[in-house]
Each structure stands twice: as C-alpha cells, then as structure tokens.
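Before I ask anything, let me first share the structure, which is written out below as structure tokens.
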2 protein chains.
Amino acid sequence: MTDPSESGPGRRSSDRTKAAILRAAREHFAARGYERTTIRGVAADAGIDPSMVMRYFGTKERLFDAALAVDLRLPDLAAVPPHELPAVLVGHFVDRWEGDPADDALLVLLRSAVTNEQAAERMRRTFAEQVLPALAAALGPERAARCAGLIASQVLGLALTRYLLRLPPVVSLDRAALVAAYAPAVAAVLA
Amino acid sequence: MTDPSESGPGRRSSDRTKAAILRAAREHFAARGYERTTIRGVAADAGIDPSMVMRYFGTKERLFDAALAVDLRLPDLAAVPPHELPAVLVGHFVDRWEGDPADDALLVLLRSAVTNEQAAERMRRTFAEQVLPALAAALGPERAARCAGLIASQVLGLALTRYLLRLPPVVSLDRAALVAAYAPAVAAVLA
DNA sequence: CCGCCATGTCAACACTTGTTGGCCTACAGG
DNA sequence: CCTGTAGGCCAACAAGTGTTGACATGGCGG
C-alpha cells in the first residue's frame, strides 16, 4: 500500500481528495438532483472545506459535469444469439442499476437529465456513443437506428418507474420477474 | 359574459387572480421543475406581486401541490375491442401530452416527481386512482394489477425520452409512427 | 538552516430565495 | 361625508447559496 507510483506516503494527496469529492458529489447529485445539492454538503461529506471543491473543480457546474461521466459497460452484443438479446439487455441494465450502490453515476445522469439541459445533452451523447454502436453490432446499423430509441425508452421507463418514481407494482418485482416481463416488450420493438 | 354568478363586474377578482397564479405556476414548474421555479417568477408571469402568491396559497409547497392536480381523462377502456387496446392507450397519451400546450399539468407531475418526493407520491396516487381502475375495467382486476405497472413504465418511458430527454430518434417520430411502434410493446406486456 | 509550494482552513462578499408586515387604494354601506 | 374591508403593492428580513481571497501549515529542495 506504499507503492510510490500510486498511493504511497510520497504520493500527492490531492488525487485522493479529488476522488473523495467526486464520490461525495455523485452521491449527492444522485440523491437530490442538481439544484438541491450544495457545495457545502458535498465538501462536508468528503471531509474537507468547501473552497477545496472550488479549487479542484472550479465551479459547481464543472463538478457536475465531472460527475456525469458514465460507462454503461455494455457487453459485446454481437456475441449473443438474437433471440436472447432482449433478456440480455434488460438483465444487464437491471444489474447495472442495482449493482454497486456506490456507483451512482447512472442515477445521477437520469435524475438530473430531467430538469437540467446540460445533463440531458450528456444523456443524448451517452446514448449515441454507447447504446447505438452496441446495438449496431448486433442488428446492423439501419435496424439499430430504427430500434435504439424505442429500446432506450423501454429501459429508461423501467428505471424511471422502479428507481425514481417507485411505482409499487414495478418495485415489487425481483430480477427474474423483471426480465421475464420486459424482455417480450423489447422483443416486440425489434420486430 | 357579464353573468353575475361567474364573471360579471361585480364578481370577485380574486378568483381570476388565483387562476392566473396557478396557470403561471404550472408553466414554470413544468419548464423548470420545483427548485428552479421562484415565487417571484411566477408572480411576474401572472402580473402581480409575489406576496399575493403567499396570500392565496400560503406557501410555495402548497402552490406546488395545487399545481400537481392532474386528470388523465382516460376513456372507458371497457368499450374498446381488446386487440385495439394498446393502440388506443398509446394514442391517448400522445394526444394528452401533445394536446393543449397551456395544459402543462402532466409535464409538471412527471418532471417534478423525479426529484421531489411529494410529487412522486402524487404520481403514485394518480396511477393508483386513475390508471389502475381504467385498466381494471378492460382487463379485470387481477390482470390489471399484473400489467398496469409495466404499461405505466412503457408510457412514461415514452414521455421521458420524447418530451424530457428529447432523444432524437424518439422525437423525430410522428403520432402515427409512435403508435405503430409502441402498441406492439404494450401488447407484449398484456400477454 | 531558509524559503517555497502544495494542501488546506477561515471568514467574508454578493446575491437570491421564501416569507412577512405595513401601507395604499378603491369602493360599498351608512 | 366617513368608515370598513378586500385586493394589491413595497420594502425588508433571515437564511442559504456559490464563490473568493487572505492566511495557516507542513514537508521538501537548496
């Protein structure tokens, strides 16, 4: 743990601080959205002074932007048999939402994009750069272009009602039931 | 137009003022969400003093609550042939979202419910009191209970990606294409 | 030893917010 | 005429915000 190239005592402590700020910021943005998240709150959670946040990120907006970076970690969809594609997609996203509770990036993005144009733009970019290519690998470019929007709409609708609105009938399903219920819907828009 | 019981010159002007406030409030809440909407902004839009808003609604939260009242105007679903149900549902909601631009109530509810627990609760209530019964009339209670959550998820996913996130492939579809694309997905969760 | 620079704290500024209380104005009833 | 009252405006308060600049501190190179 004293590796001089990464975390040893001689290592700059600014990196750890910056990471702590980012982690706290993601947590706050995910739980409260952009407006209700305060620099003071994030700083307190990271155990430092609010002015440090400004020094490292310059502005609340830039901190927000840094917190918005998201990797969907989509697998290679060309490798899955076509008839399993819907179940794989739904399953992957459920895992992604429910996986590491410390990884709030997805929630940050969705929750903020609804009231914040900057985040909405980021969402559109994430869609274009990650979802579209992954689907194109499995369906071909023109079919992907036709279906990707509808699939995003399904998956995001699921996330919306389950994790943000918490509609009881959607919350009460477990992973298997969720996949079983949504895969046919996704399959329907692929046709 | 001088009906003494409703709008004549002898009529209280407070009713008109209150209505103007509510209309402006809906517009602001729908466009900006709860936090970024200011009493001052609403008052300016309604052409009156901020303190008037307080006099009539007491508090920003109560004004918000008044703005959240939503009537989905769902038709009698028992009257539509089962195989047309998906298209009717999707079509109705598209009309509802796209209809009267002055009627922002639906957008207020959806946009706010994502970052505001009070609005989320209101959304769950609206779902339980309007969507569930309407579906129960067409599908019977137990089938409705099983499907309503999934249908809400589809419809809200559509609204989310089209009106809030504005994902290009979802925005570019017109009403007919939208219905044609989504009806099969809704039909899939009914099976 | 000295001095420098990165890391961090403290206190304050300027601004916006929801909210409040006092004042004004018009008009109906006597 | 006076008076009361409802509808409305103005100015201010207290709290919280993002942001800034002056100051501390501790370790490292000379």
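Residue numbers begin at 1 in each chain, while the letters A, B, ... track the order of the sequences. Excluded from the calculations below are hydrogen atoms, water molecules and symmetry mates; all remaining heavy atoms, backbone and side chain alike, are included.
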So, B/Glu35 side chain and A/Arg36 main chain: donor-acceptor pair closer than 3.5 Å or not?
->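 Not confirmed, B/Glu35 side chain does not pair with A/Arg36 backbone.
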Is B/Phe57 touching bases, backbone alone, or none of the nucleic acid, heavy atoms closer than 4.0 Å?
->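 The answer is nothing, as B/Phe57 stays clear of every strand by at least 4.0 Å.
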Listed range with range, the stems formed with DNA chain D by at least 3 consecutive Watson-Crick or G-U pairs (under 3.5 Å) are C:1-30 with D:1-30
Please list all pairs passing the side-chain hydrogen bond (donor to acceptor under 3.5 Å, both in side chains) test where one or both residues lie in residues 81-94 of chain B, with sequence neighbours left out.
->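 Residue pairs with at least one partner in residues 81-94 of chain B: there are none.
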Nucleotide D/dG18, atom P - distance to CZ of A/Arg36 in whole Å | 13 Å
All ring-ring contact (aromatic ring centres under 6.0 Å, His included) counterparts of A/Tyr163, not counting sequence neighbours =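 With neighbours one apart ignored, the set is A/Trp97.
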Atom-pair distance (NZ on B/Lys18; C1' on D/dG8), nearest Å = 16 Å
In whole angstroms, how far is the C1' atom of C/dT19 from the CE atom of B/Met52?
-> 13 Å
Would you indicate which nucleotide in D/dT17, C/dT17, D/dC9 comes nearest to any side-chain atom of A/Thr38?
-> D/dT17
Rounded off to whole Å, could you give me the CG-to-P distance for the A/Leu63 and D/dT17 pair?
-> 15 Å
Is there any salt bridge (Lys or Arg N to Asp or Glu O under 4.0 Å) pair reaching into residues 150-172 of chain B, and which pairs are they, with sequence neighbours excluded?
-> B/Glu98-B/Arg162
Considering residues at least two apart in sequence or located in another chain, which fulfil the salt bridge (charged side-chain N to carboxylate O under 4.0 Å, His left out) criterion with B/Glu142?
->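 So B/Glu142 forms no salt bridge (charged side-chain N to carboxylate O under 4.0 Å, His left out) with any residue.
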Quick one: salt bridge (charged side-chain N to carboxylate O under 4.0 Å, His left out) partners of A/Asp65, sequence neighbours excluded?
-> A/Arg122
Give the B/S/- string for nucleotides 19-26 of chain D, one per nucleotide from 5' to 3', where a protein heavy atom under 4.0 Å of the base yields B, of only the sugar-phosphate yields S, and otherwise -.
-> BBB-----
Output every pair passing side-chain hydrogen bond (donor to acceptor under 3.5 Å, both in side chains) with a member in residues 38-58 of chain A, not counting sequence neighbours, ordered by first then second residue.
->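 For residues 38-58 of chain A: A/Asp49-A/Ser51.
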Round to the nearest Å and state the distance from A/Arg62 atom CZ to D/dG18 atom P.
-> 15 Å
Kindly list each side-chain donor-acceptor pair under 3.5 angstrom involving residues 106-114 of chain B, sequence neighbours excluded, with atom names and distances?
unit_1: B/Arg111; atom_1: NE; unit_2: A/Val114; atom_2: O; d: 2.8
unit_1: B/Arg111; atom_1: NH1; unit_2: B/Ala30; atom_2: O; d: 2.5
unit_1: B/Arg111; atom_1: NH2; unit_2: A/Val114; atom_2: O; d: 3.1
unit_1: B/Ser112; atom_1: OG; unit_2: B/Val108; atom_2: O; d: 2.6

